[in-house]
Amino acid sequence: MMRSHRCGDLRGDHAGETVELCGWVNSRRDHGGVTFIDLRDRAGLVQVVFSPGVAAEAHDVAQTLRAEFCIRVTGVVQTRREGTVNPRISTGEIEVAAEAVEVFSEAETPPFPIDGHQDTEESLRLRYRYLDLRRNHMQDNLDLRHGIVGAIRRFYDAHGFVEIETPMMTRSTPEGARDYLVPSRVHPGKFFALPQSPQLFKQLFMVAGLDRYYQIVKCFRDEDLRADRQPEFTQLDVEMSFVGVEDVLDLTEEMFKSVWAEVLDVSLPDFMRLTYDESMRRFGVDKPDVRFGMELADLGTVFAATEARVFRSALDSGGAVNSIAVPGGGRLTRKELDGLVEEAKQLGAGGLVWAAVTPDGLKSPMDKFLSDEERTGLVGASSAREGDLILIVADGRVGVVHKVLGALRNRMGERFGLIPELERSDPGAWKFVWITDFPWFEYNEEEARWDPIHHPFTGVVEETLQYLESDPARVVSKAYDITLNGWELASGSIRIHDRVMQERVFSALGITPEEAEERFGFLLRAFRYGPPPHGGIAPGIDRIVALAAGESNIREVIAFPKTQSVFDPLTGAPAAVDEAQLELLHLKSTAPPEK
RNA sequence: GCCCCAGUGGAGCAGCCAGGAGUGCUCAUCUCCCUGUCAAGGAGAAGGUCGCCAGUUCAAAUCUGGUCUGGGGCGCCA
């Protein structure tokens, strides 16, 4: 070994020891005589002192060192003189008196500072990701990811699960997200698809009797990116046989508790549970951030007899009038209020009615259309206090009302500082919520048909089976999500294991037996051979780690992520390929030539 | 496909609303000084086609249109 210790591991106990350290020059403080180097490795920083009187040769070399040179230092650990201790670094009680230094390699001046005192534009960080990953912060994130993945594996190992790999080159299924395709050289004109999830394979494991399966696996979806979405991402894929909804919920909750205990030393309380309906009614979204209040209020009763046209027509057409009360929102300027109206329109609302609760009563563009009872009822039902701002959305479509107010609630929560800063050691900082009883179907306006909210293999709650053909909106599924602080962390369901039942569902989805055979024939065939009752869940690893790390986007916990336009500034991928390569794959590009 | 924000020496920002010479700040870089600093300090220097293209104007970093890149969001994401 070239080194005896890691820089960041040295402590007072090491005083007197001769050590060999390898690392990068974090900073240099040259006093002409004595020269200090902060040496950095994965474990952290340590101060190295070069004194001309102690080691003249090493001191000469120290003068030539620059940021990010990779070096080895041999020296003696000594406790620092009184008054020179640095409490801001973990090794601050000691320093290393250099006796010799070896320069492994010099470094050009880096394109951005590595010592982590200022943010850098992300595209630059990604182009030089290897330098970005030199930062202790990024290394800590990757280390946390490793720790979480390890804890997950230990948990499932201890519960009798077996990790099995599934193919990366598989068959395209036209539902769901767009696929990434892999052309076949051997089969002209045919394509493999990269998996959006190993869904069908894990169900086949259950048919096979493999009982308890899990896998930590890459999945691929060709959709537009977000802070919590990358085209390739990692899932913890889990499936179990002979279980119902409660069994999966219990075990998964136990898993999260075990990971948080092991990795963050936090003992999580039992997870909150909300049905989908309750979540939508109270928070307007199916991934509620319950770290703050500002819940939606239903004003249907208040405005039951209203003359105000926007409210009247919304209620008459079977829609809803809902509000939120933004604490302290009354201080917004007219311009800011106009901005909110614009935001609401952008989100799909016809408009947004605001009403400020002032000492002189309501101040609102709607005020003249309201009766006294309505004014009182509005403030009361919205739980608004003086100084608050009530935001009201009315629409003939309840879904629009929820969507707009749900989004505004999240934005207002952030803008008005209602979301407490994450205190990672506080069990109360982690608001896990189970969302259950999802509707089975959602209406697809564009295609004028009913689509599954989860996927076509999702089980149906028996009591609602009767509506499968007559009233799809009333069918409840055996699907569930875990959300954490407003992020969807996991999705799962109990599956259909009965072939006849599965065919009935396909039929309700408008999938003919021929189409079903074409797309999922291999699953249906498998289901002829004694499939067990089964179900599972698939938490997103990138999101879990990002939340645990306190990051607001998953790129911070992925070593080599892509930009929002699906580009990797480091490698330049995606890139053009030779005509010959295309020919071999029986492909011809129709893309216009590059400028 | 759509909406919003940003792009100014190597990094991070201010300047833009209200047009008047590339003006400023912090850090980095280079030279010199300095034996206890720790985001060292002091003195000096070098470094920019204000993302790009067009328009308005006597004059554009600044106003207008377009475009590219990055970020946040809507749509999309079974």
Side-chain angles (χ1 to χ4, degrees), chain A residues 26-39 45-54 59 66-68 80-89 91-92 95 97 108-128 131 173-179 196-197 199-200 219-231 233 339 342-349 403-404 407 410-411 414 438 440-442 444-446 450-458 477 479 488 491 493 509 511 519-520 540 552-553 555 562-565 567 569 595:
Chain A
N26 193 67
S27 64
R28 180 178 57 109
R29 294 176 294 280
D30 183 352
H31 288 243
V34 68
T35 296
F36 301 96
I37 295 287
D38 285 344
L39 192 63
L45 292 177
V46 71
Q47 172 166 283
V48 180
V49 199
F50 297 84
S51 308
V54 175
H59 180 260
R66 294 294 181 274
E68 302 312 317
R80 295 203 191 181
R81 298 178 194 177
E82 206 175 324
T84 66
V85 168
N86 183 353
R88 290 163 58 192
I89 59 175
T91 61
E95 62 191 3
E108 291 179 18
T109 302
F112 54 86
I114 312 298
D115 57 15
H117 292 288
Q118 66 183 23
D119 291 338
T120 302
E121 194 185 339
E122 212 173 317
S123 57
L124 193 64
R125 291 175 53 200
L126 292 181
R127 181 139 50 104
Y128 296 93
L131 295 181
T173 53
E175 288 76 19
R178 279 182 288 267
D179 286 320
Q196 295 178 25
S197 85
Q199 181 61 36
L200 298 176
C219 301
F220 306 86
R221 292 178 191 176
D222 185 5
E223 297 293 347
D224 290 334
L225 276 55
R226 292 287 186 276
D228 61 353
R229 273 166 35 188
Q230 283 273 305
F233 59 101
E342 270 316 301
E343 283 182 58
K345 287 181 178 166
Q346 176 66 24
L347 287 162
K403 185 189 147 196
V404 174
N410 283 333
R411 293 177 191 185
E414 198 165 320
F438 279 80
W440 207 102
F441 295 93
E442 70 187 336
N444 182 333
E445 303 267 357
E446 242 168 74
W450 291 91
D451 282 345
I453 281 188
H454 193 48
H455 58 56
F457 319 108
T458 306
S477 74
E488 179 189 311
S491 244
S493 63
L509 287 168
I511 300 174
R519 296 182 203 171
F520 314 111
S552 55
N553 79 68
R555 294 183 302 278
K562 308 220 171 5
T563 66
Q564 197 168 51
S565 61
F567 180 72
K595 307 164 254 176

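Chain A is the first sequence line, chain B the second, and so forth, proteins listed ahead of strands; every chain is numbered from 1. Worth knowing before you read on, the calculation uses all heavy atoms, side chains too, and leaves out hydrogens, waters and symmetry mates.
- As judged by a 4.0 angstrom heavy-atom cut-off over every strand, A/P569 is placed among residues making no nucleic acid contact.
- Here the closest non-hydrogen pair linking A/S197 and A/R221 is CB-NH2, 4.1 Å.
- For the OP1/OP2 pair of B/G70 and a distance below 4.0 Å, the side-chain nitrogens and oxygens of A/R125 include no atom meeting the criterion.
- As judged by a 4.0 angstrom heavy-atom cut-off over every strand, A/Q196 is placed among residues making no nucleic acid contact.
- Atom CD1 of A/I89 is separated from atom C1' of B/U37 by 12 Å (rounded to the nearest Å).
- In this structure, A/T173 reaches neither bases nor backbone, as no heavy-atom distance under 4.0 Å exists between it and the strands shown.
- The phosphate of B/C2 (OP1 or OP2) has no side-chain N or O of A/K345 nearer than 4.0 angstrom.
- Proximity of A/T35 to the phosphate of B/U35: no side-chain N or O atom is located under 4.0 Å from OP1 or OP2.
- Between A/T563 and A/H455, the residue anchored nearer the 5' end of RNA chain B, judged by the nucleotide with its closest heavy atom, is A/T563.
- Base pairing annotation: B/G70 forms a Watson-Crick or G-U wobble pair with B/C5, both donor-acceptor distances under 3.5 Å.
- Not a single donor-acceptor pair, N or O on each side, falls under 3.5 Å between the base of B/G75 and the side chain of A/E223.
- Contact check, A/Q564 against B/G72: a side-chain N or O comes under 4.0 Å of OP1 or OP2.
- The pair A/E343-A/R411 meets the salt-bridge criterion, with a side-chain N (NZ, NE, NH1 or NH2) lying under 4.0 Å from an Asp/Glu carboxylate O.
- In this model, no side-chain donor or acceptor of A/N553 finds a partner on the base of B/G72 within 3.5 Å.
- B/C27 and B/G9 have their C1' atoms separated by 13 Å, with the value rounded to a whole Å.
- Minimum atom distance to the side chain of A/R229 is reached by B/C77, of the listed B/C77, B/G70, B/C38.
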Nucleotide N/O of nucleotides 26-30 of chain B paired with protein N/O under 3.5 Å:
from  : atom 1 : to    : atom 2 : distance (Å)
B/C30 : OP1    : A/R66 : NE     : 3.2

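- Using a 4.5 Å heavy-atom cutoff, the side chains of A/N86 and A/Q47 are not in contact.
- When both pairing distances are held under 3.5 Å, B/C16 makes no Watson-Crick or G-U pair with any nucleotide shown.
- Using N1 to N3 plus N6-O4 or O6-N4 for Watson-Crick, or N1-O2 and O6-N3 for G-U wobble, each under 3.5 Å, B/C34 pairs with nothing.
- At B/U37, none of the side-chain N or O atoms of A/R29 fall inside 4.0 Å of OP1 or OP2 (strictly under the cut-off).
- Using a cut-off of 4.0 Å between Lys/Arg side-chain N and Asp/Glu carboxylate O, A/R29 and A/D38 are scored as salt-bridged.
- With a cut-off of 3.5 Å on both pairing distances, the Watson-Crick or G-U wobble partner of B/G10 is B/C27.
- Considering only the side chain of A/T120, B/A11 comes nearest among B/C2, B/A11, B/C76.
- Considering only side-chain atoms of A/H31, the nucleotide from B/C38, B/A40, B/G73 that sits closest is B/A40.
- Of all non-hydrogen atoms in A/T563 and A/P569, the two that sit nearest each other are CG2-CG, 3.7 Å.
- A/D451 comes within 4.0 angstrom of nothing in the nucleic acid, heavy atoms only.
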